[in-house]
Amino acid sequence: MMGRAEQSFLKGVIEGFYGRPWSQSQRLEMLERMQQLGLNTYLYCPKDDLKHRALWRDEYTADELQRLRELIEACGDRGVDFFYGIAPGLTIRYSDPDETERLRARIQQLTGAGCRSFAILFDDIPDEMAEADRAAFGSLAKAQCETANSLYSEHLAKQDGRLIFCPTPYCQRMADDGHGGAGYLEEVGQRLANGIDIFWTGPEIISREITTEGIGVLRQKLQRKPVLWDNLHANDYDMTRIFLGPYSGRPIELRDEVGGILLNPNCEFEANFVALKTLAAFLAATGSWDSRGAYESALAKWLPRFSTVGGDGVSLDDLMLLGDAYYLPHENGELAEQLYDDVRAIVGESPGDWGEREDRLRERIRQVVELARKLTELRQRELFYALNRQVWELREELELIEQFMDWKKAGGDTAANPFRSGNYLPGTYRGGLVRRLQQLISFGADGILIPANE
Ligand code: GDL
């Protein structure tokens with residue numbers, strides 16, 4: 001059996017988001033890119049593969065298993081470890097031996113298809129147990145650890161198979177809130193078999209920063225290095241957003257504190273080029289980590305994929321504007337920040353005070369309008385489909401702003417001559433019900449609720 005120290009550092013991708021899973025051909029393409037980038041791990045656990053979570057007890061059909069076998073083989077060819085994840089936590093009865101039997105059956109099905117590495121995921125489940133389970137185990141941590149330990153010792157450890165365990169509180173905020181029960185993480189640290197790895201997403205589910213100090217404290221509790229399940233680029237929780245920015249907010253020293261770094265990225269497969277490229281650069285970096293520099297060189301590598309059927313293609317400056325507008329969850333890119341500042345000033349100030357902002361903003365608006373058109377002409381149609389919603393929305397908004405600028409410049413006056421747009425006739429509402437609800441319950445930049453006007 002391999003000792004923990006000899007296990008390889010995990011670097012790669014988790015297909016672990018909610019919503020439409022990637023297609024088989026996208027996965028195969030991902031594996032090819034991973035090989036080029038020197039990434040060694042792919043974890044298959046799309047939340048909405050029914051048999052991963054909702055129907056975890058059911059066997060895969062021969063066809064389904066064949067598709068998984070194809071991925072496992074492709075991983076083998078590309079030097080990537082295929083991990084299969086199962087998430088029984090929504091309905092499992094921990095104390096019922098038939099349930100463990102069903103988990104075993106699934107592991108055997110996958111083992112038969114060539115898989116040796118697994119993950120058992122207890123994230124995003126209620127932290128309560130049925131009465132019988134409480135009587136049998138006393139704590140959720142114990143119930144989950146015993147389930148994982150028995151799978152590991154009976155099936156995986158003997159064949160050098162690996163297992164990663166995702167705890168119910170998988171970030172610091174959840175642990176601080178007592179999710180999973182008091183002392184959950186310490187108990188998992190003690191009970192979980194030594195060879196099993198543990199996932200962690202950082203201080204938050206979506207962590208802006210992950211520090212070595214924070215991980216150091218956690219390591220003590222878990223009695224092992226955690227494996228980072230990094231949601232920095234995940235967008236399944238807000239589908240109006242997409243994250244094209246670089247891997248950042250983590251110091252390179254973090255690599256020594258964790259057993260691996262796996263990215264659970266954007267649902268839109270094609271949107272993940274920069275995320276993966278910069279993760280790979282981060283993993284290989286020496287000295288300090290320059291995320292902006294890595295971003296800029298990743299964009300240059302991404303650009304050829306934006307070739308169009310039209311004469312004028314997407315330029316690097318276009319791509320940077322796009323990437324900056326859809327950068328990272330907690331941060332806009334530089335060009336987007338500037339655009340926002342210009343709009344804010346122009347909306348609030350009279351035209352006499354606009355100065356150089358006016359020309360700069362009009363130029364950016366023109367660029368976004370043109371970019372939206374160029375994207376419709378991309379040869380890579382999946383890339384267009386991945387970005388179209390966001391770019392469409394941005395263009396609509398900016399065109400509206402330009403109309404407003406024109407109206408202001410022409411001496412617009414709210415009382416006598418209110419601003420209207422032909423795009424927003426009476427009775428239409430941008431963003432529909434959700435946007436209206438957001439206006440009732442909105443939060444300031446400090447994260448505090450702004451009370452709705454009575
Ligand atoms: C989560 C889920 C993950 C989801 C992500 C972002 C973990 C361990 N689980 O909480 O499936 O994609 O948030 O919404 O991160």
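Each ligand, and each atom within it, is numbered from 1 in the order the structure gives.
- Short contacts between ligand 1 and Ile205, defined as distances under 4.0 Å to a heavy atom of the residue, involve ligand atoms 1 (C), 10 (O), 13 (O).
- Under the side-chain hydrogen bond (donor to acceptor under 3.5 Å, both in side chains) criterion, Lys374 pairs with Asp318, sequence neighbours left out.
- With respect to atom 15 (O) of ligand 1, the closest heavy atom belonging to the protein is Asn231 ND2, 2.8 Å.
- Atoms of ligand 1 found under 4.0 Å from any heavy atom of Phe17 (numbered from 1 in listed order, with element): 12 (O).
- A cation-pi contact, defined as under 6.0 Å to the ring centre and within 45° of the axis, links Arg106 to Tyr60.
- For Gly16, a nitrogen or oxygen atom sits less than 3.5 Å from a nitrogen or oxygen atom of ligand 1, counting backbone and side chain alike.
- For ligand 1, the atoms sitting less than 4.0 Å from at least one non-hydrogen atom of Asp124 are 1 (C), 2 (C), 10 (O), numbered in the order shown with element in parentheses.
- Nearest to atom 10 (O) of ligand 1 among the protein's heavy atoms is Tyr170 OH, 2.5 Å.
- Within ligand 1, counting atoms from 1 as listed, the ones closer than 4.0 Å to a heavy atom of Lys47 are 9 (N), 11 (O).
- Ring pair Tyr84/Tyr44 is parallel by interplanar angle, where below 30° counts as parallel and above 60° as perpendicular.
- Residue-level proximity to ligand 1 for Leu121 is absent, since no heavy atom of it falls below 4.0 angstrom.
- Aromatic ring orientation, Phe273 versus Trp302: parallel (interplanar angle below 30°, classes split at 30° and 60°).
- A salt bridge does not link Arg104 to Asp98: none of the charged side-chain nitrogens sits closer than 4.0 Å to a carboxylate oxygen.
- Sequence neighbours left out, the pairs with a member in residues 168-205 that pass ring-ring contact (aromatic ring centres under 6.0 Å, His included) are Phe199-Trp229.
- Those atoms of ligand 1 that come under 4.0 Å of a heavy atom in Asp236, given as number and element, are 4 (C), 6 (C), 12 (O), 14 (O).
- The shortest N or O to N or O distance between Asn264 and ligand 1 is below 3.5 Å.
- Every N/O-N/O distance between Tyr237 and ligand 1 stays at or above 3.5 Å.
- Distances between N or O atoms of Tyr18 and those of ligand 1 include no value under 3.5 Å.
- A cation-pi arrangement is found for Arg250 relative to Tyr247, the charged atom lying closer than 6.0 Å to the ring centre and inside a 45° cone about the ring normal.
- Annotation: Phe165 is in aromatic contact with Phe122 [ring centroid separation under 6.0 Å].
- One distance of note links CE of Met34 with CZ of Arg78; it measures 11.0 Å at 0.5 Å rounding.
- Applying the 4.0 Å criterion to heavy atoms of Asp123 picks out, from ligand 1, the atoms 2 (C), 7 (C), 8 (C), 9 (N).
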